[in-house]
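Everything numeric in this text was worked out from a predicted model, so none of it was measured. Chain A is the first sequence line, chain B the second, and so forth, proteins listed ahead of strands; every chain is numbered from 1.
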Amino acid sequence: MSQVKPSLPKGTRDFLPQQMYRRQFVMDTLRSVFESFGYQPVETPSIEKLSVLSGKYGDEGEQLIFKVLRRGTGLEDLLKDRDDFVVKEYGELVNEALRYDLTVPFSRVVAMHQSELVLPFKRYQMQPVWRADRPQRGRYREFYQCDIDSVGTSAMLADAETIAVVYHALVKLGFEKFVIRLNNRKILNGVLENAGIQGPKGDAALLTIDKLDKIGLSGVHNELVQRGFSESQAAKILSVIEMDGSAGGILQKVEQALNPSETLREGLAETREILSFLPSLQVPAEVVKVDLCLARGLGYYTGPIFESVVEEPKIGSITGGGRYDGLVGMFLGRDIPATGTSFGIERIIDVMTQLEMFPGEEGGTQVLVLIFDASTQTDSLAFTQELRNSGVRAESFLEVAKLKKQFSYADKKGIPFVVIIGPDEAAENKVTVRDMSSGQQVTHAHDNALEFFADRFVNSET
RNA sequence: GUGGGCGUAGCUCAACUGGCAGAGCACCAGAUUGUGGAUCUGGUCGUUGGGGGUUCAAGUCCCCUCGCUCACCCCA
């Protein structure tokens, strides 16, 4: 067999055990918080019909969808009676694509299974998504997303609850310094209306506004002018966006500064309602900051929008979401309101790694039972299984090998205890236990050793 | 899509103006025949990403190509 140089496709990664323990810790923690709020798990296929995905992510996003070439006879049939290879329509070559995010496939699920779902329906989903992006630091072509969404209610409590989940999940993961930024598309639209901006030009303005942290007030002003807005329009937008202060204070200032349109009034009322729920959900007021320059890239948000930002490593947002009352309607013909958020698992793991937030215990083997020689192998195997039965994570070495090699294995895997059952021990129904960190070694009666490990690893855990 | 950087042992990297492809780690064996980490000794490991060219001689220079990577745009 010819040897192939091992390599990975661009922007993809292998996860080795050490990393997997970390990833699982994050996902397990999130899962437990989600379920404590009544969210239920859902998974969808990796591939979707291209028609389901297209038109949802804007022009830039559309380019980044991983399209799947038609395969098998489909493609052969296409080419059979042709002497040229001219493709007249995309659909002739491609009719499916890899999942680009979790929100759109979930909207499809809601539209397809509405009769089976109990509304309001709250689901969580953790699966990889794919983007044909050019990878760079912290950016991949295959990465996990983790979404929670509530569909079937317009109640602002659903949005408030989403924020509460974000808060409690981040706290449970160990985050201390973070801020949840809150805004509302209706407020933004009100601000744009006030500056005399409407329609698709508004999206361009929002994209610019969103960059405030990055490029500053003057940067936003310049870019707005550059994009074709007048000086006075830019000035009007900036006067609102630079407002600072407490959540309630900002809302009041906006109300006073602009003549309140219907849209603006709704946005303000929604934001106030969300804020009113947060104390009883034990989300501290100082964590939630009304931030009028928050716009969020995706086009489908219709109401409240929010994201969370850690202060220490400047890495951008680690969660982000909002209300998207129109998305399910694209599959159904009638709207079903929905709101939710996405947890940037990859970034969360990066930040937690940087801040050394992972606990030491990692779910690895607790006891290695050595195979002394062929004559005692069955004794070792039997003892290992007894350890497992009592709840200890135990393994025996898979080969009859030199003790040196087996000890070295335990050392490299970080296994804290090694058990030796040689001819001497076997004859007396005893086992020798070695503590790898201290090097101390004690010979116990068989049952006492089992008890020792159960006390050490099982009974003390709760 | 735009602009940089880099491809040499499993990994991290060295090799002067072109002159015998090397080191550390890892792996295997031994020093130590019932015992890991530390030390020492020895050993295994190469299509220098691929193809072409210049040259007595190319890891090194030239051309092509493939791949990786970083930044911008955008995004998680």
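For A:Arg141, there are no salt bridge (Lys or Arg N to Asp or Glu O under 4.0 Å) partners two or more places apart in sequence or in a different chain. A:Gln441 is linked by a side chain to side chain donor-acceptor pair (under 3.5 Å) to A:Arg434, counting only residues two or more places apart in sequence or in another chain. In this structure, A:Lys236 has no salt bridge (Lys or Arg N to Asp or Glu O under 4.0 Å) partners at least two apart in sequence or on a different chain. Residues passing the side chain to side chain donor-acceptor pair (under 3.5 Å) test with A:Asp149 are A:Arg123, A:Tyr324, sequence neighbours excluded. Legend: residues meeting salt bridge (Lys or Arg N to Asp or Glu O under 4.0 Å) with A:Glu425, ordered by chain and number and at least two apart, are absent. A search for salt bridge (Lys or Arg N to Asp or Glu O under 4.0 Å) contacts involving A:Glu395 returns A:Lys413, not counting sequence neighbours.
Rounded to whole Å, the P atom of B:rU44 lies 16 Å from the corresponding atom of B:rC28. Between B:rU55 and B:rU17, the distance separating the two C1' atoms is 16 Å to the nearest Å. Comparing B:rG59 with B:rG51, their P atoms sit 13 Å apart, to the nearest whole Å. Between the P atoms of B:rU8 and B:rC61, the separation comes to 15 Å (whole Å). Taking atom C1' in both B:rC74 and B:rC27, one finds a spacing of 45 Å when rounded to whole Å. B:rG18 and B:rU32 have their C1' atoms separated by 50 Å, with the value rounded to a whole Å. Comparing the P positions of B:rC40 and B:rC45 gives an interatomic distance of 23 Å, to the nearest angstrom. Taking the P atom of each, B:rA57 and B:rG52 are spaced 15 Å apart, rounded to whole Å.
Residue-level contact check: A:Lys413 touches neither bases nor backbone, having no heavy atom under 4.0 Å from any strand. At the heavy-atom level, A:Gly138 lies under 4.0 Å from base atoms of the strands shown. If you check every strand for non-hydrogen atoms under 4.0 Å, A:Tyr140 touches a base. A:Ser317 comes within contact range of the sugar-phosphate backbone alone, with a heavy-atom separation under 4.0 Å but no base atom that close.
Atom CG of A:Leu8 is separated from atom P of B:rC66 by 20 Å (rounded to the nearest Å). B:rA76 atom P lies 6 Å from atom CZ of A:Arg296, rounded to whole Å. Nucleotide B:rC75 holds its P atom 14 Å from the CD atom of A:Gln63, rounded to whole Å.
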**Prompt:** Dot-bracket, RNA chain B: Watson-Crick or G-U, under 3.5 angstrom, [ ] crossing, | other strand?
**Reply:** (((((((..((((.....[..)))).(((((.......))))).....(((((..]....))))))))))))....

**Item:** Footprint string (nucleotides 27-39 of chain B, 5' to 3'): B base within contact, S backbone only, - free, heavy atoms under 4.0 Å
**Value:** S--S---BBBB--

**Asked** Once each nucleotide of nucleotides 2-10 of chain B is scored for protein heavy atoms under 4.0 Å, what B/S/- sequence comes out, 5' to 3'?
**Response** BB-------

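Dashed line: the shortest gap from a side-chain N or O of A:Arg131 to OP1 or OP2 of B:rC75 is not under 4.0 Å. Side-chain N/O atoms of A:Gln136 include one lying less than 4.0 angstrom from OP1 or OP2 on B:rA71.
Sorted by first and then second residue, the ring pair (Phe, Tyr, Trp, His ring centres under 6.0 Å) pairs involving residues 409-430 of chain A (not counting sequence neighbours) are A:Phe397-A:Tyr409, A:Phe417-A:Phe452, A:Phe417-A:Phe453, A:Phe417-A:Phe457.
Interface residues of residues 373-388 of chain A facing RNA chain B, ordered by number: none; criterion, heavy-atom separation under 4.0 Å.
Atom CZ of A:Arg99 and atom CD1 of A:Ile47 lie 10.5 Å apart (nearest 0.5 Å). To the nearest 0.5 Å, atoms CG (A:Leu212) and CG (A:Leu294) are separated by 11.0 Å.
A distance-only check finds a donor-acceptor pair linking the side chain of A:Gln406 to the backbone of A:Ala401 [under 3.5 Å].
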What donor-acceptor contacts under 3.5 angstrom involve side-chain atoms of residues 173-182 of chain A, with partners at least two apart or in another chain?
unit_1   : atom_1 : unit_2   : atom_2 : d
A:Arg181 : NE     : A:Asp291 : OD2    : 2.9
A:Arg181 : NH1    : A:Glu307 : OE2    : 2.6
A:Arg181 : NH2    : A:Asp291 : OD2    : 3.1

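Between A:Asp28 and A:Arg31, at least one side-chain nitrogen of the basic residue sits less than 4.0 Å from a carboxylate oxygen of the acidic one, meeting the salt-bridge criterion.
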